[in-house]
Number of protein chains: 2
Amino acid sequence: MLSKKTKYGLKALTFLAQQEGKKPVQISEIASAENISQKFLETILLSLRKTGFLGSKKGKGGGYYLIKDASEIKMADVMRVLEGPISMVPCVSLNFYKKCEDCPDELTCGVHKLMLQVRDSNLEIYRNTVLSDLIS
Amino acid sequence: MLSKKTKYGLKALTFLAQQEGKKPVQISEIASAENISQKFLETILLSLRKTGFLGSKKGKGGGYYLIKDASEIKMADVMRVLEGPISMVPCVSLNFYKKCEDCPDELTCGVHKLMLQVRDSNLEIYRNTVLSDLIS
DNA sequence: TATTACCCTATTAAACTAATAGAGTTTTCA
DNA sequence: TGAAAACTCTATTAGTTTAATAGGGTAATA
């Protein structure tokens, strides 16, 4: 299941991508437009800023804004920041690889084999989809 | 992330699929071969029996066995029983559909759009992969 | 310089996961 | 026929994660 954090983060990003120009949007505006708890959204936007997706401006007239063009923001990068590993098991993860303790041999493991396929196809989607693709 | 329940369930199924003939295998044998807590495995095998994947035989010489041929057991069905919905959000689920409370319109929702793609590609894998494909 | 709005830490309730414990029931085989 | 083997079921629990809340601190702008 997709976490609320990821869902809200994606919604906030698409909301910002739909703004005219690059002028900052207040957290409260995004929160009420997308039905998100404002405080929860704060932490999400903060992490997106720290990871280089968003910029922020303080003081009156401040808020958050996209740092890059929406067509340059890949879902693969966003998902890794918000949701964590794209793989469903650590032993098939590119960025978060970890051997399974209980599994003696990855090459003969059926779960490994299946999850490798799933990772490949999901990765292809996330790599080939950019933020602007989510806007209709 | 894939739950341990699903991982163990898949491992148990592949173990049973690799047996010669259809003679029952004891829980304890599967548990020790695959490094799974026996008690936990009990509940997993029980649910696989109740959902028509496994048969069981009580008494001396009893155990669990596959009811169908491994080439007829689709991952899509197994995953739904063990892991639950294949979709990452309920609003794109075929078998567990539920409208998102916070989302006013699915058609313009970016998350919906993205997760629809993910569901489609995962579903294709799970539908086209059968238990015997997991054995090397 | 006061206001606005971001920034940060800590806490908490709820839900879920994984595992454990222990007793009960059915079946089989000697 | 009876005892052992093996499945079946219920309940409990520790640990983790998630989602949300609270409250104050800090920086920047008009």
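Being a predicted model, the structure only gives us computed values, none of them experimental. Note on naming: letters A, B, ... go to the chains in the order of the sequence lines (proteins, then strands), and numbering restarts at 1 for each one.
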### Task
Select base, sugar-phosphate, or nothing to describe what Lys7(B) touches, counting heavy atoms under 4.0 Å on all strands.
nothing

### Query
NA contact type, Ile27(A), heavy-atom cut-off 4.0 Å: base, sugar-phosphate, or nothing?
sugar-phosphate

### Message
Side-chain N or O of Lys50(A) versus OP1/OP2 of dC8(C): is the shortest distance under 4.0 Å?
### Response
yes

### Task
Report yes if some heavy atom in the side chain of Leu2(A) is under 4.5 Å from a heavy atom in the side chain of Met79(A); otherwise report no.
yes

### Query
Do the side chains of Ser136(B) and Lys113(A) get nearer than 4.5 Å, heavy atoms only?
yes

### Task
Give the B/S/- string for nucleotides 10-24 of chain D, one per nucleotide from 5' to 3', where a protein heavy atom under 4.0 Å of the base yields B, of only the sugar-phosphate yields S, and otherwise -.
---------SSBBBB

### Contact state string [nucleotides 24-30 of chain C, B base, S sugar-phosphate only, - no protein heavy atom under 4.0 Å]
--SBS--

#### Entry: Shortest non-hydrogen contact from Met88(B) toward Tyr126(A)
SD-OH, 3.9 Å

### Query
What are the two closest heavy atoms between Met115(A) and Val92(A), and how far apart are they?
O-CG2, 4.0 Å

Rounded to the Å, how far apart are [X] [atom1] and [N] [atom2]?
X: Met1(A); N: dT17(C); atom1: CE; atom2: P; value: 11 Å
X: Ile44(B); N: dA19(C); atom1: CD1; atom2: C1'; value: 10 Å
X: Leu82(B); N: dT17(C); atom1: CG; atom2: P; value: 12 Å
X: Gln26(A); N: dT3(C); atom1: CD; atom2: P; value: 17 Å
X: Leu54(A); N: dC6(C); atom1: CG; atom2: C1'; value: 13 Å

### Message
Does Lys99(A), at its NZ atom, have more than 12 non-hydrogen atoms belonging to other residues, nucleotides or ligands within less than 6.0 Å?
### Response
yes

### Query
Do any of residues 62-70 of chain A sit with a heavy atom less than 4.0 Å from DNA chain D, and if so which?
none

#### Entry: Donor-acceptor contact present, side-chain Ser93(A) to main-chain Ser87(A), <3.5 Å
no

### Task
Only counting residues at least two apart or in another chain, list the ones meeting side chain to side chain contact (heavy atoms under 4.5 Å, CB included) with Ala31(B).
Gln38(B), Leu41(B)

#### Entry: Salt-bridge contact Asp102(B)-Lys11(A) (side-chain N to carboxylate O under 4.0 Å)
yes

### Message
Taking side-chain hydrogen bond (donor to acceptor under 3.5 Å, both in side chains) as the cut-off, I'd like each qualifying pair that reaches into residues 67-79 of chain A, sequence neighbours left out, listed once.
### Response
Asp69(A)-Ser71(A)

### Message
According to side-chain hydrogen bond (donor to acceptor under 3.5 Å, both in side chains), does anything in residues 51-64 of chain A pair up with another residue at least two apart or in another chain? List the pairs.
### Response
none

#### Entry: For Ile73(B), the option from Leu131(B), Ile67(B), Val130(B), Thr129(B) that meets side chain to side chain contact (heavy atoms under 4.5 Å, CB included)
Leu131(B)

